[in-house]
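Below, each value reflects all heavy atoms present in this structure, side chains not excepted, and no hydrogens, waters or symmetry copies. Throughout, residue positions are numbered sequentially from 1 according to the sequence presented.
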Amino acid sequence: ERPISSGTWDYKGAEDPSEFPIRQPMPNVGALQQTSGEAIYTDDVPLLENELHAAFVLSTVAGSSSFSMDKTEAFAFEGVVQVLDASDLEEAGFKNKLGSDTLLADGAVEYQGQRLAIVVATSQVVANTVSKSMTVNYGQVKTDPVVTIDDAIAQSAFYGTPGHKKVGDATSALAGADVVVSGEVACAHQYHFHMVSLQSFHKHPVTGRDVLSFCGLQETQTALAVPSKSEPLRVFSATQEPSSVLSSIVSALKVKSKDVNVIVHRLGGGYGGKLTNSAVPATAAAVAASILGRPVRLVVDLQANMKSLGRRIPYKFAYKAGANADGTITAVTGTIYSDQGKNAGSYSGTVLTPAIDNAYKIENWDLTGYACKTDSPPNTACRAPTFLPGTFLIESVIDHLAYGLNMRQEDVREKNLYSVNDVSLAGQTLKYCHQKDTWNTLKESSGYSKRLEEIQQFNAANKYVKRGISISPQK
């Protein structure tokens, strides 16, 4: 049998001084801070004098004509300082907007998980507890919520106008194809589990010695706002995009950029979830701190983070594709639906042009894209946005075509790889495209053909246990 994969370190081939720093093993610049526990994250900023903590009250329904809360209910808990809603922001002269969304719901409830109020208390535990225990009275609740892409299609719940991408003559290409397949494929949402690598000492249960362990912990959306009478408002934010945080706070407080300093120490994982979404806790903390005149820290707990701040954008592709008998793909057509939640965002009506061709030269395309409006929090970027779903969708189409052609998927992929100076679906000339060379090198170095033959023999001899092997390109 093939041995277990292994790896080795080899510096002999990189001893040329001109190749510095390749010729030396270079540790990560933050490695010592990370492994010693000295790395400072947003929530590691020491507690300040008179500091308060905040949490969001979230909607539990997907839509309602109105809602109300009895704020006095919150003050039954010791440590509650204030409960802020949209009317308090208006009274303070602040703007209750975050792009095309609102910081806090004003009048009606538009989606499940929408922020209704901010509970401010002397501890995070009290703020979290009260935010989850407050009674919310809803008006007429929406009885037919749009939850999925299929719901949106059935109710024609779309944003704006659809997007289009047409290259060549897909209709004629399909008519002349030897094999034509059609179907639907979908990829669902994905939450952001932002991770922080931490270490701790503990006693070994047998030897009694101190043992250093490493673990990954969550750094959810986090912000700390520190007001001052003579200095700019300081906002510590766990964000991938400080400019977005700054513009949101400046807009909400109706001040100038010079009046706010956004400070980013480091992130405990971003994955796209801390691009625009990090403006939500930062703006909420800034508003609360400005109203109360005291520092306010807002660490969104994991449940609230998942309920209120979106996830990877789900997609559905209803496709039709054709190929010749030798495996050459002649055309791909279809409609791509994306679940944007309650905001169209920057991916409205997308047809995934930069990614859906992946590594393949396909002469004819005809795609239409719809941005679906669902009663859920606005969805957002998640690691490899556009490229991950685009790759998944086209690879699913290729699997279907390979089945119809009675060919291995790898053979269909290899037949359609881009070459040097081909032009991608997005219109980019691929001057340095060496995918075919890379593909052939990988097949040879991995012993693909021999291993495939062995696997086929094994599968023929075993009824219940099967093995497989695959090669997939990536743009």
Exam field: side chain Asp301 to backbone Gln303, donor-acceptor pair closer than 3.5 Å: yes
Between the side chains of Glu395 and Asn358, is a donor N or O closer than 3.5 angstrom to an acceptor N or O? yes
Is the distance between the ring centroids of His434 and Tyr432 under 6.0 Å? no
Does the side chain of Tyr111 come within less than 4.5 Å of Ser59's, by heavy atoms? no
Thinking salt bridges, do Lys71 and Glu73 make one under a 4.0 Å N-O criterion? no
Any side-chain to backbone donor/acceptor pair from Ser228 onto Pro232? Under 3.5 Å, distance only. no
Using modelled atom types only, decide if a donor and an acceptor are shared between the side chain of Ser182 and the backbone of Tyr319 within a distance under 3.5 Å. no
So Tyr271 and Arg312, do their side chains get closer than 4.5 Å, heavy atoms only? no
Nearest heavy-atom pair of Pro377 and Gly310: which atoms, and what distance? CB-N, 3.8 Å
In terms of heavy-atom contacts, does NZ of Lys320 have more than 12 from other residues, nucleotides or ligands at under 6.0 Å? no
I want to check something: taking the side chain as every heavy atom from C-beta on, are Ile249 and Val235 in contact at a cut-off of under 4.5 Å? yes
Minimum-distance pair of heavy atoms, taken over all atoms of Val351 and Ile336: O-CD1, 3.5 Å
Measuring only between side-chain heavy atoms, which start at C-beta, is Arg115 closer than 4.5 Å to Val280? yes
For the pair Asp150 and Thr148, evaluate side-chain hydrogen bond (donor to acceptor under 3.5 Å, both in side chains) and give the outcome as yes or no after the intermediate values. CA-CA 5 Å; Asp150 288 338; Thr148 66; 5.0 Å; no
Between Gln240 and Leu275, which heavy-atom pair has the shortest distance, and what is it? OE1-N, 3.6 Å
So do Lys307 and Leu58 actually touch side chain to side chain, heavy atoms under 4.5 Å? yes
Yes or no on side chain to side chain contact (heavy atoms under 4.5 Å, CB included) for Cys382 and Arg311, after CA distance, side-chain angles and deciding distance? CA-CA 7 Å; Cys382 187; Arg311 54 200 179 178; over 6 Å; no
Evaluation steps, side-chain hydrogen bond (donor to acceptor under 3.5 Å, both in side chains), between Tyr138 and Thr60: CA-CA 10 Å; Tyr138 298 101; Thr60 57; 3.2 Å; yes
How long is the gap from NZ on Lys361 to CG on Leu425, to the nearest 0.5 Å? 13.5 Å
Any cation-pi pair here, Lys373 with Tyr159, using under 6.0 Å and within 45°? yes
Heavy atoms from other residues, nucleotides or ligands near OH of Tyr403 exceed 12 (cutoff 6.0 Å): no
Decide whether Asp43 and Thr222 meet the rule of one side-chain donor and one side-chain acceptor closer than 3.5 Å. no
Verify whether one side chain among Ser472 and Gln474 offers a donor that lies under 3.5 Å from an acceptor in the other. no
Under 3.5 Å, is there a donor-acceptor pair linking the side chains of Gln155 and Asp151? no
Does any N or O in the side chain of Asp106 come within less than 3.5 Å of the main-chain N or O of Ala86, such that one atom is a donor and the other an acceptor? no
So with a 6.0 Å cut-off around CG of Leu48, is the heavy-atom count from everything else above 12? yes
I'd like to know whether the aromatic ring centres of Tyr337 and Tyr370 sit less than 6.0 Å apart in this structure. yes
Less than 3.5 Å apart, any donor N or O on the side chain of Tyr418 or Asp357 sitting next to an acceptor on the other? yes
For the pair Val397 and Phe317, evaluate side chain to side chain contact (heavy atoms under 4.5 Å, CB included) and give the outcome as yes or no after the intermediate values. CA-CA 10 Å; Val397 172; Phe317 186 24; 3.9 Å; yes
With a 4.0 Å cut-off on N to O distance, would you call Lys95 and Glu90 a salt bridge? no
What is the minimum heavy-atom distance between Leu233 and Ala286, and which atoms define it? CD2-CB, 3.8 Å
Apply salt bridge (Lys or Arg N to Asp or Glu O under 4.0 Å) to residues Arg413 and Asp399 and explain how you reach the verdict. CA-CA 9 Å; Arg413 291 170 182 148; Asp399 283 355; 3.5 Å; yes
For a 4.5 angstrom cut-off between non-hydrogen side-chain atoms, does Val83 reach Val120? no
Does this structure show an ion pair linking Asp366 with Lys165, if we count only N-O contacts that are shorter than 4.0 Å? no
Salt-bridge present (Arg266, Asp44; N to O < 4.0 Å): no
Other residues, nucleotides, ligands: >12 heavy atoms within 6.0 Å of Lys466 NZ: yes
Has Thr239 got a side-chain atom pairing as donor or acceptor with Glu241's backbone, closer than 3.5 angstrom? yes
Do the side chains of Lys342 and Asp101 get close enough for a salt bridge, i.e. N-O under 4.0 angstrom? no
Identify whether the distance between the nearest side-chain nitrogen and carboxylate oxygen of Arg297 and Glu51 falls below 4.0 Å. yes
Step by step, would you call Val250 with Asp259 a side chain to side chain contact (heavy atoms under 4.5 Å, CB included)? CA-CA 8 Å; Val250 166; Asp259 298 319; over 6 Å; no
Whether the side chain of Ser251 engages the backbone of Ser248 through a donor-acceptor N/O pair (distance < 3.5 Å, no angle test) should be reported. no
Lys475 side-chain N/O to Pro354 backbone N/O, donor-acceptor pair under 3.5 Å: yes
What I'd like to find out is whether the side chain of His189 reaches to under 4.5 Å of the side chain of Asp339, using heavy atoms alone. no
Going through the checks in order, is the salt bridge (Lys or Arg N to Asp or Glu O under 4.0 Å) test met by Glu219 and Lys274? CA-CA 11 Å; Glu219 184 199 50; Lys274 292 178 181 175; 2.7 Å; yes
Derivation and outcome, side chain to side chain contact (heavy atoms under 4.5 Å, CB included), residues Val57 and Met69: CA-CA 10 Å; Val57 179; Met69 294 179 293; 4.0 Å; yes
Flag, side chain of Gln221 to backbone of Gly273, donor-acceptor distance under 3.5 Å: yes
Output yes when a side-chain donor or acceptor of Asn277 lies under 3.5 Å from a complementary backbone atom of Leu309, and no otherwise. yes
What's the shortest heavy-atom distance between Ser131 and Phe56, and which atoms? CB-O, 3.3 Å
Checking Ser87 against Asp85: is there a side-chain donor and acceptor pair closer than 3.5 Å? yes
Would you please indicate if the ring centroids of His265 and Phe236 are separated by under 6.0 Å? yes
Side chain of Asn416, backbone of Tyr360: donor and acceptor closer than 3.5 Å? no
What closest approach, in Å, do Ala279 and Leu98 show between heavy atoms, and which atom pair accounts for it? O-CD2, 4.2 Å
4.5 Å side-chain heavy-atom contact, Tyr315 and Leu352: yes
